[in-house]
Amino acid sequence: MSASRPSPPDPADAAPPGRRRGRRAGGADTREALLAAARSEFAERGYEGATVRRIADRAGVDAAMVNHWFGGKDALFTASLDLPVDPEAIMAQVLPGDPERIGERIVAMFLQVWDGAGGGPLVAMIRSVAAHPDAARMMREFVSRVILGRFVGAVAPDRPDERAALCATQILGLGMVRYVLRLEPLASADHPAVVAAIAPTIQRYLTGSLDG
C-alpha cells in the first residue's frame, strides 16, 4: 500500500503572526475582538483617525469582518459605545420630510429610542462620560459626527459646527433632565408635550438665523 500524501498546507498557517484571515472559529469571538479593538482605536485616535483596517489589524482579523459583523464603521462605533441605536435607521426616519419640521422628528426619535430602552444606557453613558476623558471624546464625536453632524449637513444653511453644538445642548440636556435627574414634570411628560416644548429650539438651531 502506498503512503498517503500529506495534506496541503492551510493558507491561514502562513499568515503573519497576530493576523488571521477570515472569521475566527465560532464567530462570536471575532465580534468581541473587533469591539475591543474598536474601543481602543476610537479612544486613542478619535472617530476620524480610527480606520476599519487599523481596527481589524488590532483585532487580528480581515477587514471584511467589520462589514460582516457590523455593516461599517458607523455601526461599529455605535456598538463600541454600547448604545441601543442604529445611525442608519435614525437617518432613514428623520431626514426624509419637510426640513422645517426636522426638529420635531429629531426629538420624537430621541424619546422613542431612550424611552424604549428605559433610559438606562443613556444614564450609564452620561456617568461614564463624566468620569472618563476617553469616553467623553468618543461620545462627543458620536454626537457631532455620526448623528447631529449628518442632520446639520443635510439642512443647515451655514455654520454647521456651531449649529451641531447648539443642538447637542438641547438633546443632551433633555437626556440629563429626563433620565438622570428625573426632574418633573419633564421626566414623566408624554412625547407630544416634550416635542412641542423642545423641537422649536432645535429647529431654530438647525435652519434658523443664529444672529440676534
Side-chain angles (χ1 to χ4, degrees), residues 47 70-71 74-132 135-212:
Y47 179 80
F70 299 98
D74 280 2
L76 175 56
F77 187 44
T78 304
S80 74
L81 292 170
D82 197 25
L83 300 179
V85 296
D86 178 351
E88 296 306 320
I90 290 175
M91 297 302 123
Q93 286 191 246
V94 173
L95 284 180
D98 183 357
E100 293 303 319
R101 301 191 66 177
I102 191 173
E104 296 176 10
R105 298 193 295 275
I106 289 173
V107 178
M109 173 60 72
F110 177 87
L111 293 170
Q112 176 186 325
V113 168
W114 294 115
D115 277 10
L122 182 62
V123 173
M125 176 200 76
I126 291 173
R127 289 173 177 164
S128 179
V129 164
H132 304 288
R137 175 183 179 180
M138 291 175 71
M139 183 50 52
R140 182 169 61 247
E141 295 201 349
F142 174 74
V143 170
S144 64
R145 297 180 184 276
V146 179
I147 300 294
L148 290 179
R150 295 170 69 177
F151 294 145
V152 172
V155 300
D158 56 18
R159 297 155 69 175
D161 291 342
E162 184 177 354
R163 291 179 184 275
L166 288 168
C167 288
T169 67
Q170 296 296 301
I171 292 296
L172 296 180
L174 172 59
M176 175 67 77
V177 168
R178 188 172 173 91
Y179 303 110
V180 181
L181 299 179
R182 297 188 179 277
L183 185 63
E184 296 292 358
L186 192 58
S188 58
D190 61 22
H191 290 193
V194 178
V195 170
I198 304 295
T201 301
I202 296 285
Q203 189 67 51
R204 181 173 72 82
Y205 288 159
L206 284 170
T207 60
S209 172
L210 297 183
D211 297 318

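Values below: all heavy atoms of this structure, side chains included; hydrogens, waters and symmetry mates excluded.
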inquiry  = To the nearest 0.5 Å, what is the distance between CG on Asp161 and CG on Leu148?
reply    = 11.5 Å

Closest contact, heavy atoms only, Val155 versus Pro99 = CG1-CB, 4.1 Å

inquiry  = Can you give me the closest heavy-atom contact between Pro200 and Val195, atom names plus distance?
reply    = CD-O, 3.8 Å

remark   = Residue set satisfying side-chain hydrogen bond (donor to acceptor under 3.5 Å, both in side chains) with Gln170, at least two apart, ordered chain then number -> none

task = Report the residues that fulfil side-chain hydrogen bond (donor to acceptor under 3.5 Å, both in side chains) with Arg178, sequence neighbours left out, ordered by chain and then residue number.
result = Asp115

request  = Please name all residues satisfying side-chain hydrogen bond (donor to acceptor under 3.5 Å, both in side chains) with Gln112, sequence neighbours left out, ordered by chain then number.
outcome  = none

message = My understanding is that only residues two or more places apart in sequence, or in another chain, count here; which of them pass salt bridge (charged side-chain N to carboxylate O under 4.0 Å, His left out) with Glu162?
response = Arg159

ask   = Excluding sequence neighbours, so at least two apart, what forms ring pair (Phe, Tyr, Trp, His ring centres under 6.0 Å) with Phe77?
value = Phe42, Tyr47

ask   = Does a side-chain heavy-atom distance below 4.5 Å link Ile147 with Phe110?
value = no

key: Chi angles and distances behind the side-chain contact (heavy atoms from CB on, under 4.5 Å) call for Gln203, Glu100   = CA-CA 7 Å; Gln203 189 67 51; Glu100 293 303 319; 3.9 Å; yes

ask   = Mind checking what makes side-chain contact (heavy atoms from CB on, under 4.5 Å) contact with Arg150, not counting sequence neighbours?
value = Asp74, Pro87, Glu88, Met91

query = Of all residues at least two apart in sequence or in a different chain, which pass the side-chain contact (heavy atoms from CB on, under 4.5 Å) check with Ala187?
reply = Arg182, Glu184

inquiry  = According to side-chain contact (heavy atoms from CB on, under 4.5 Å), who are the partners of Ala75, at least two apart in sequence or on a separate chain?
reply    = Phe70

key: Residues Arg105, Ile102; criterion side-chain contact (heavy atoms from CB on, under 4.5 Å); working and verdict   = CA-CA 5 Å; Arg105 298 193 295 275; Ile102 191 173; 3.7 Å; yes

ask   = Sequence neighbours excluded, which residues qualify as side-chain contact (heavy atoms from CB on, under 4.5 Å) partners of Leu186?
value = Leu174, Val177, Val194

task = Check side-chain hydrogen bond (donor to acceptor under 3.5 Å, both in side chains) between Asp158 and all other residues, then give those that pass, not counting sequence neighbours.
result = Arg163

note = Between the CD1 atom in Ile171 and the CD1 atom in Ile202, the distance rounded to the nearest 0.5 Å is 4.0 Å

query = Which salt bridge (charged side-chain N to carboxylate O under 4.0 Å, His left out) pairs, counting each pair once, include a residue from residues 199-208, with sequence neighbours left out?
reply = none

